[in-house]
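Data first, discussion second: the structure below is written as structure tokens.
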Amino acid sequence: MTAPPAALFRRWVHVREEDAAGVRVYRPADQPLPPARGRDGIEFRSDGTFADLRPGPTDAPVASVGRWTLPAAGRIALAYPPGARSAGAPTGYEIVEVTSDLLRLRPI
């Protein structure tokens with residue numbers, strides 16, 4: 001199994017207005033984004049953990065931390081601790097594209 005691209009390992013913010021054809025678009029959290037309330041995000045870490053970032057009561061992100069694995073090339077499976085998965089949060093993604101300034105994921 002090959003490792004995911006190094007560019008994946010950072011904090012990403014979901015830019016819903018760029019989503020298309022069932023693919024979610026994410027931009028790096030340190031880049032300027034169009035104003036929007038309640039942006040969710042994800043952070044992939046090279047140690048095999050991830051943080052699912054959902055807006056909290058004050059719009060500040062609240063993280064659910066779990067582990068990721070690579071069940072197949074170009075796919076990431078997410079495992080949440082019991083009770084930590086947010087409603088509607090995917091349990092895996094197909095990596096459509098990843099560069100230093102763009103992450104496109106298709107929930108599976």
- Note on the structure: Minimal heavy-atom distance between R67 and D47, with the atoms involved, is NH2-O, 3.4 Å

- Minimal non-hydrogen separation, A7 against S100, with atom names: CB-N, 4.2 Å

- Does the distance from a Lys or Arg side-chain N to an Asp or Glu carboxylate O, for R45 and E43, drop under 4.0 Å? yes

- Message: Applying a strict under-4.5 Å side-chain criterion to I, L, V, M, F, W and Y, I'd like to know whether V23 and V98 cluster together.
- Response: no

- G22 and P107: which non-hydrogen atoms are nearest, and at how many Å? O-CD, 3.5 Å

- Item | Basic-acidic side-chain contact under 4.0 Å: D30, R10 | yes

- Message: Could you tell me if the side chain of L102 sits less than 4.5 Å from the side chain of R27, heavy atoms only?
- Response: yes

- Task: For W68 and T49, indicate whether the former's side chain and the latter's backbone hold a donor-acceptor pair under 3.5 Å.
- Result: yes

- Query: When clusters are formed by joining ILVMFWY residues with side-chain heavy atoms under 4.5 Å apart, either directly or through shared neighbours, do L105 and Y80 land in the same one?
  - Reply: yes

- Item | side chain to side chain contact (heavy atoms under 4.5 Å, CB included), paired with R104, selected from V96, I95, D19 | V96

- Linked, directly or transitively: V13 and Y26 (ILVMFWY side chains, under 4.5 Å): no

- Give me the ring orientation class for F44 and Y93: parallel if the planes are under 30° apart, tilted from 30 to 60°, perpendicular past 60°. perpendicular

- Heavy-atom check, side chain of H14 versus side chain of V25, under 4.5 Å: no

- Residues R24, E18: salt bridge by 4.0 Å N-O rule: no

- Message: If you apply the rule ring-ring contact (aromatic ring centres under 6.0 Å, His included), what do you find for F50 with F9, and how did you get there?
- Response: CA-CA 9 Å; F50 73 94; F9 301 118; over 10 Å; no

- Return the minimal non-hydrogen interatomic distance between L78 and I42, and the atom names on each side. CD1-CD1, 4.3 Å

- What pair of heavy atoms forms the shortest contact from P28 to D101, and how long is it? CD-O, 3.5 Å

- Can you check whether L53 reaches V62 side chain to side chain, under 4.5 Å on heavy atoms? no

- Evaluation steps, side-chain contact (heavy atoms from CB on, under 4.5 Å), between R75 and I108: CA-CA 9 Å; R75 295 191 180 235; I108 50 175; 3.3 Å; yes

- Are E17 and R39 within salt-bridge range, i.e. N to O under 4.0 Å? yes

- Item | Heavy-atom pair of closest approach, residues W12 and T99 | CH2-O, 3.4 Å

- Begin with the C-alpha distance, continue with both residues' side-chain angles, and end with the deciding distance and a verdict on side-chain contact (heavy atoms from CB on, under 4.5 Å) for L70 and I76. CA-CA 5 Å; L70 300 172; I76 293 182; 3.8 Å; yes

